[in-house]
Amino acid sequence: MISLNRSSFLNKTGISGSCGSFSGAQRRRSASVRVVASSSNGRAGDRNAAVLVENTLKEMREGSAVIADVDSKPMVGGGVQDVYGEDTATEDQFVTPWSVSVASGYSLLRDPHHNKGLAFTERERDAHFLRGLLPPTVASQELQVKKMMHNIRQYQVPLQKYMAMMDLQERNEKLFYKLLIDNVEELLPIVYTPTVGEACQKYGSIFMRPQGLFISLKEKGKILEVLRNWPEKNIQVIVVTDGERILGLGDLGCQGMGIPVGKLSLYTALGGVRPSACLPITIDVGTNNEKLLNDEFYIGLRQRRATGQEYAELLHEFMTAVKQNYGEKVLIQFEDFANHNAFDLLAKYGTTHLVFNDDIQGTASVVLAGLVAAQKLVGGTLADHRVLFLGAGEAGTGIAELIALEISKQTNAPPEETRKKIWLVDSKGLIVSSRKESLQHFKKPWAHEHEPIRELVDAVKAIKPTVLIGTSGVGRTFTKEVIEAMASINERPIILALSNPTSQSECTADEAYRWSKGRAIFASGSPFAPVEYEGKVFVPGQANNAYIFPGFGLGLLMSGAIRVHDDMLLAASEALAAQVTQENFDKGLIYPPFTNIREISAQIAAKVACKAYELGLASRLPQPIDMVKCAESCMYSPAYRSYR
Ligand SMILES: NC(=O)C1=CN([C@@H]2O[C@H](COP(=O)(O)OP(=O)(O)OC[C@H]3O[C@@H](n4cnc5c(N)ncnc54)[C@H](OP(=O)(O)O)[C@@H]3O)[C@@H](O)[C@H]2O)C=CC1
Ligand SMILES: CC(=O)C(=O)O
Ligand SMILES: [Mg+2]
């Protein structure tokens, strides 16, 4: 039931059943109120809606302000639309038994969730006190997209484009997502790697408005309260970082916030999770980055990183508070933690929470997909390969483990055997058994019998890998000698330079193609432009976990999964690999372009959700019959809705 009390109306109102429910976004305060209620059928929810209208009118009389559209959406593909509520469909897709629009002139233009700028129609301008607040022109969303793209293309500096995009997100959320979805190949490098890396480095200087929650040591003992300060209540995905390993740029402390913000934009744009269900969080336990500590514009705690018990206690309070506030099924994605915490956090909370480490698990899934797809270009099976990594941290060992698992499944050989096909080099050289005692736990399974080797090029010559993967975070480490050695061993060497941003890539696309004489199958973590070599154009792929986590997360939410399981990662890989077309292979690509990423995400989500049901880890019943349709019908649409 709806409370008549104004503040509780703003904060707690919810109507369940056929009328849908208010999202947190709809509970925002504004200055004046207008109510429009319409009944399109005589469903049972009508009474609730009538009460809502009555209460809202009362609110209006009392001078408060709310913006609300209460809609329900037709059931598609098994009906899980209640997961996503009002933001998941365009106005055309909606059956609208009741529509309650409480609009508010100037405040409406300042509300990013509902603002449409010049796209407000004449009727809406009349109905919602917008007359005179906008110039006379009424523009379509398509024209707005065209104009924004025109403006963004005027900027020469990527960081300026980033700031323009962030500004748009704060001003007109739907237009931001429409822009990103319709121009994904062009804008991904702006809101994501590489530009997001520079944005994090300069976050203190460019910081305008909070885009997520900052939880620092100062909030110890009060984290639950802090979570409750966030305006949205129905959170389904949290991306959290402590900023200690931001891309390959190291410890950026509190300024790592750009990463959860960017990742969650992709959850919405690429995976269709509604924005109001996404919560970016940065845990600030200090930074060991001297430059930031001495930077007067630094926005984080000015102290060295807390470690040990102090760190563990803060993280534990956070994990407990999240579950308490949002329930069992909120997805927590760990992002860009340093490896000395990342593996432990995943192990500790993997059995009690719905958690996923993108750097370890998402990266593994995307790389496995690429290798599975690559078999179409090189022939044979995954088990025929020898893989060598430069970098034995989260990404390196995470990928290695998933490849070994997949080969085990394919060959029935135990992982102890299949791991022997995989070798890793860290900052001290090839990981070998004679070093076992001094190795971190995640490296131990990879300490095979071999004499120590210091240099990567010598490891390539000794191991003779078919696949070389860079996960070192150090740029230009795949030297000419290294790539030539790979090309001398393999007709089609598979070379993946995964480190981000572009400055940290182990080699450039140009280097990979030129030094391998055009024979490399190449993909990189951050995008490279096509390369011309000896009259032929080579299109490099992008091996980035952005292919996986949005669809993976959607699959977890769709099925109401309660835990993440490795088999779900394998399912996601399989789904992604299946999306590579002959046309892509003909260009030497092992990943599909990002242009169709929402369709790809729906396929991934469907496979992940199916696996969740199969494993008995899904809580949302009944299981939808057509999973792909179900995924598609769940997806947030950036199309404007009319405020009738
Ligand atoms: N494309 C994608 O989707 C993803 C890319 N990444 C990128 O991968 C990189 C690494 O990330 P992550 O694994 O989490 O980082 P970690 O810090 O966990 O691991 C880095 C590893 O690289 C090793 N290393 C560092 N310098 C050298 C060197 N000069 N020569 C050889 N090895 C070296 C480290 O060695 P030691 O252990 O001895 O210190 C460590 O094993 C980052 O740039 C990140 O952006 C990460 C996730 C996803
Ligand atoms: C892509 C990513 O997650 C990283 O570079 O850390
Ligand atoms: Mg990451």
Side-chain angles (χ1 to χ4, degrees), residues 188-189 192-194 196-197 200 239-252 256 258-260 262-263 266 333-344 346 356-370 388-401 423-431 435 438-444 446-447 453-459 468-479 482 496-506 523-528 540-550 576 591:
L188 208 55
Y192 192 53
T193 183
V196 72
C200 289
V239 176
V240 59
T241 188
D242 72 356
E244 191 167 5
R245 196 285 278 144
I246 294 298
L247 307 177
L249 301 171
D251 183 352
L252 298 185
I259 293 294
K263 292 269 176 185
L266 305 197
Q333 175 165 318
F334 293 122
E335 193 70 52
D336 291 8
F337 283 75
N339 62 39
H340 53 91
N341 290 316
F343 288 101
D344 294 349
L346 187 60
F356 167 68
N357 184 303
D358 189 34
D359 302 299
I360 301 170
Q361 298 172 297
T363 316
S365 187
V366 79
V367 171
L368 177 61
L388 180 65
F389 286 84
L390 182 73
E394 293 166 66
T397 63
I399 302 164
E401 196 57 51
W423 296 79
L424 291 97
V425 171
D426 66 8
S427 64
K428 298 187 180 70
L430 188 66
I431 296 178
R435 257 220 277 155
S438 58
L439 285 175
Q440 289 126 296
H441 66 89
F442 49 87
K443 292 179 183 170
K444 286 190 174 162
W446 311 103
I453 298 180
R454 187 70 193 79
E455 298 301 325
L456 175 64
V457 66
D458 297 329
L468 178 66
I469 303 180
T471 50
S472 63
V474 185
R476 304 299 179 272
T477 34
F478 290 173
T479 58
V482 166
L496 308 179
L498 297 189
S499 293
N500 297 315
T502 317
S503 58
Q504 312 310 111
S505 187
E506 282 79 6
S524 52
S526 298
F528 281 105
Q542 190 175 351
N544 193 294
N545 51 31
Y547 274 109
I548 292 289
F549 69 79
L576 177 57
Y591 294 101

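Values reported hereafter were calculated over all heavy atoms of this structure, with side chains retained and with hydrogens, waters and symmetry mates removed. When a ligand or atom number is given, it counts from 1 through the structure's own listing order. Residues take their numbers from the sequence shown, with the count starting at 1. Nothing here was measured: the structure is a model prediction, and the numbers come from that model.
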Between [X] and ligand 1, does any nitrogen or oxygen pair lie at a separation below 3.5 Å?
{"X": "Val474", "answer": "no"}
{"X": "Asp359", "answer": "no"}
{"X": "Asn545", "answer": "yes"}
{"X": "Arg245", "answer": "yes"}
{"X": "Gly525", "answer": "no"}
{"X": "Thr363", "answer": "no"}
{"X": "Ser427", "answer": "yes"}
{"X": "Ala543", "answer": "yes"}
{"X": "Gln440", "answer": "no"}

Ligand 2: protein residues within heavy-atom distance under 4.0 Å: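 Contacting ligand 2 under 4.0 Å are Tyr192, Arg245, Leu247, Lys263, Glu335, Asp336, Asp358, Asp359, Asn500, Asn544, Asn545.
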Looking at Thr471, which atoms of ligand 1 are within less than 4.0 Å of one of its heavy atoms?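 In order of numbering, the contacting atoms are 10 (C), 20 (C), 21 (C), 22 (O).
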List every atom of ligand 1 that sits less than 4.0 Å from any heavy atom of Ala392, numbering the atoms from 1 in the order shown and giving each element.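 So the answer, numbered in order with elements, is 21 (C), 40 (C), 41 (O).
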Between ligand 1 and Gln542, can you find any atom pair, the residue atom being a heavy atom, that is separated by under 4.0 Å?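 Checking ligand 1 against Gln542, which is what was asked, there is no heavy-atom contact under 4.0 Å.
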Decide whether the shortest distance between a heavy atom of Leu390 and an atom of ligand 1 is less than 4.0 Å.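 Judged by the 4.0 Å heavy-atom criterion, Leu390 does count as contacting ligand 1.
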Of the protein's non-hydrogen atoms, which lies at the shortest distance from atom 25 (C) of ligand 1, and what is that distance?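 Of every protein heavy atom, Ser472 O, 3.5 Å lies nearest to atom 25 (C) of ligand 1.
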Is there an N/O/S atom in Glu335 at a distance below 2.8 Å from the Mg ion (ligand 3)?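 Under 2.8 Å: Glu335 contacts the Mg ion (ligand 3) through an N, O or S atom.
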Just by distance, no angles: are the side chains of Gln542 and Ser526 close enough, under 3.5 Å, to form a donor-acceptor pair?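 No, no side-chain donor-acceptor contact under 3.5 Å.
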Donor-acceptor pair, distance only, cut-off 3.5 Å: does the side chain of Gln504 make one with the backbone of Leu247?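 Not at all, since once roles are kept as given, no pair shorter than 3.5 Å links the two residues.
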